[in-house]
Peer 1: 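What follows is a single structure, and I will ask about it in a moment.
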Amino acid sequence: MEVEDSHHQAADDQEDDRGPGLPPAGAGGGAGPGPRPALGGMAGGAARVLLAALLGALPAAAERELRFRPPAEAPVRLFTEPELARYDGQQEGQPIYLAVKGVVFDVTSGKEFYGKGAPYNALVGKDSTRGVAKMSLDPADLTHDITGLTEEELKSLDDIFNNVYKAKYPIVGYTSRRILNEDGSPNLDFKPEDQPHFNIKDEF
């Protein structure tokens, strides 16, 4: 089984959001002495309107910043086996998900490898950790169970997990086995995978 080369996606450039600034106050010029022009003139009126607009916009802008500020920790989606099976690449327009080591990746961008009729379609819609480790498409290996794998196979699993899937495909959640204990209680040792090039999607 051949796994395609990994590549990193470039981060999107952030736009520079500059707000309007107040125009510099100009000094009135005159040849002889005379009273200073009052702010009530046309220029002064425009300055007052602009100043009022700026002062009125500041609280709203601050409120928008607070309202749309992302949470400190993104929510984590849990996939049961039947739920993960729905993302097996058989339906056009449906995302394609593949789990490795209990981590669910969105491999839709690699549909030429994982989509319907594609070479590695057998891996998707399930946790195929053993198959990835052994580079096998044998149905018996399309499971999360890594019992009996050799040191070489375990090293191959870690290499592919880190250098292909984590490097190339966004994480969208975790299998129930990764998050929960066998009795259904939360696994207190669970920690989301670090994936600096992607954000965990909010699926709730």
Side-chain angles (χ1 to χ4, degrees), residues 1-4 6 8-9 70-150 153-204:
M1 174 178 124
E2 180 182 351
V3 181
E4 76 276 15
S6 64
H8 296 284
Q9 295 183 348
E73 293 185 4
V76 171
R77 181 174 179 180
L78 181 152
F79 286 87
T80 62
E81 287 186 7
E83 186 176 13
L84 184 56
R86 295 204 295 264
Y87 301 94
D88 60 358
Q90 298 304 306
Q91 294 184 356
E92 190 66 29
Q94 180 90 330
I96 306 171
Y97 292 167
L98 162 64
V100 181
K101 297 175 68 171
V103 182
V104 181
F105 296 94
D106 183 343
V107 297
T108 309
S109 62
K111 65 187 304 182
E112 68 272 23
F113 299 101
Y114 302 105
K116 185 177 181 179
Y120 307 134
N121 176 253
L123 296 173
V124 304
K126 59 180 72 70
D127 189 326
S128 296
T129 301
R130 189 180 189 86
V132 171
K134 296 181 67 175
M135 296 188 177
S136 169
L137 297 176
D138 187 328
D141 290 326
L142 303 182
T143 174
H144 69 282
D145 189 4
I146 59 173
T147 303
L149 291 182
T150 66
E153 289 168 340
L154 290 172
K155 183 180 184 304
S156 175
L157 171 63
D158 287 340
D159 287 344
I160 296 172
F161 178 75
N162 290 308
N163 299 323
V164 176
Y165 290 109
K166 282 184 66 175
K168 186 171 183 179
Y169 299 111
I171 295 171
V172 292
Y174 299 84
T175 64
S176 55
R177 284 189 180 87
R178 178 74 182 253
I179 296 179
L180 304 177
N181 296 316
E182 290 185 4
D183 62 359
S185 61
N187 178 5
L188 299 180
D189 295 327
F190 167 77
K191 291 181 181 179
E193 291 287 335
D194 179 30
Q195 194 182 31
H197 295 287
F198 298 98
N199 293 318
I200 298 177
K201 295 180 180 178
D202 183 355
E203 297 277 353
F204 299 100

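Note that the structure is a prediction, hence the values are computed from the model and not measured.
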Peer 1: Check Gly115 against Ile96 and note the closest heavy-atom contact, atom names and distance.
Peer 2: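 Smallest heavy-atom distance, with atoms named: CA-CD1, 3.8 Å.
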Peer 1: Contact between Asn181 and Asn187 at the side-chain level, heavy atoms closer than 4.5 Å - yes or no?
Peer 2: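 Counting from C-beta outward, Asn181 and Asn187 do come under 4.5 Å.
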Peer 1: For Leu149, does its backbone N or O pair with a side-chain atom of Arg130 as donor and acceptor, under 3.5 Å?
Peer 2: no
Peer 1: Side chains of Val103 and Tyr165: closer than 4.5 Å at any heavy-atom pair?
Peer 2: no
Peer 1: How about Ile160 and Val100: do any of their side-chain heavy atoms sit closer than 4.5 Å?
Peer 2: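 No, their side chains stay 4.5 Å or more apart.
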Peer 1: Go through Leu78 and Leu180 one step at a time and tell me if the side chain to side chain contact (heavy atoms under 4.5 Å, CB included) criterion holds.
Peer 2: CA-CA 9 Å; Leu78 181 152; Leu180 304 177; 3.8 Å; yes
Peer 1: So does Glu182 have more than 12 non-hydrogen atoms from other groups sitting under 6.0 Å from CD?
Peer 2: no
Peer 1: Which heavy-atom pair separates Phe105 from Tyr169 by the least distance, and what is that distance?
Peer 2: CD2-O, 3.3 Å
Peer 1: Is the closest side-chain donor-acceptor distance between Gln94 and Asp88 under 3.5 Å?
Peer 2: no
Peer 1: Got a second to check how far His144's NE2 is from Lys126's NZ, nearest 0.5 Å?
Peer 2: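 The NE2 atom of His144 sits 14.0 Å away from the NZ atom of Lys126.
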Peer 1: Between Asn162 and Asp158, is there a donor-acceptor pair closer than 3.5 Å when you use the side chain of the first and the backbone of the second?
Peer 2: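 Indeed, once roles are kept as given, a pair shorter than 3.5 Å links the two residues.
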Peer 1: Looking at every non-hydrogen atom in both residues, tell me the closest pair between Ala122 and Leu142 and how far apart they are.
Peer 2: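 In this case the closest contact between Ala122 and Leu142 is O-CD1, 3.3 Å.
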Peer 1: So, for Thr147 and Asp145, which heavy atoms are closest and what is the spacing to 0.1 Å?
Peer 2: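 In terms of heavy atoms, the two residues are closest at OG1-OD1, 2.6 Å.
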Peer 1: Could you grab the distance from atom NZ of Lys191 to atom OH of Tyr174, nearest 0.5 Å is fine?
Peer 2: 12.5 Å
Peer 1: Glu81 vs Arg177, test: salt bridge (Lys or Arg N to Asp or Glu O under 4.0 Å). Steps then yes/no.
Peer 2: CA-CA 10 Å; Glu81 287 186 7; Arg177 284 189 180 87; 2.7 Å; yes
Peer 1: Going by an N to O cut-off under 4.0 Å, is there a salt bridge joining Glu92 and Lys116?
Peer 2: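 Here Glu92 does not pair with Lys116 in a salt bridge, since their nearest N and O are not under 4.0 Å apart.
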Peer 1: Hey, is Asp194 close enough to Lys166 for a salt bridge, meaning N to O under 4.0 Å?
Peer 2: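 A salt bridge is absent here (no side-chain N lies under 4.0 Å from a carboxylate O).
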Peer 1: Please name the pair of heavy atoms, one in Lys101 and one in Asp127, separated by the smallest distance, quoted to 0.1 Å.
Peer 2: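 Taking every non-hydrogen atom into account, N-OD1, 3.8 Å.
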Peer 1: Begin with the C-alpha distance, continue with both residues' side-chain angles, and end with the deciding distance and a verdict on ring-ring contact (aromatic ring centres under 6.0 Å, His included) for Tyr87 and Tyr97.
Peer 2: CA-CA 5 Å; Tyr87 301 94; Tyr97 292 167; 4.3 Å; yes
Peer 1: Looking at every non-hydrogen atom in both residues, tell me the closest pair between Gly102 and Arg178 and how far apart they are.
Peer 2: O-CB, 3.6 Å
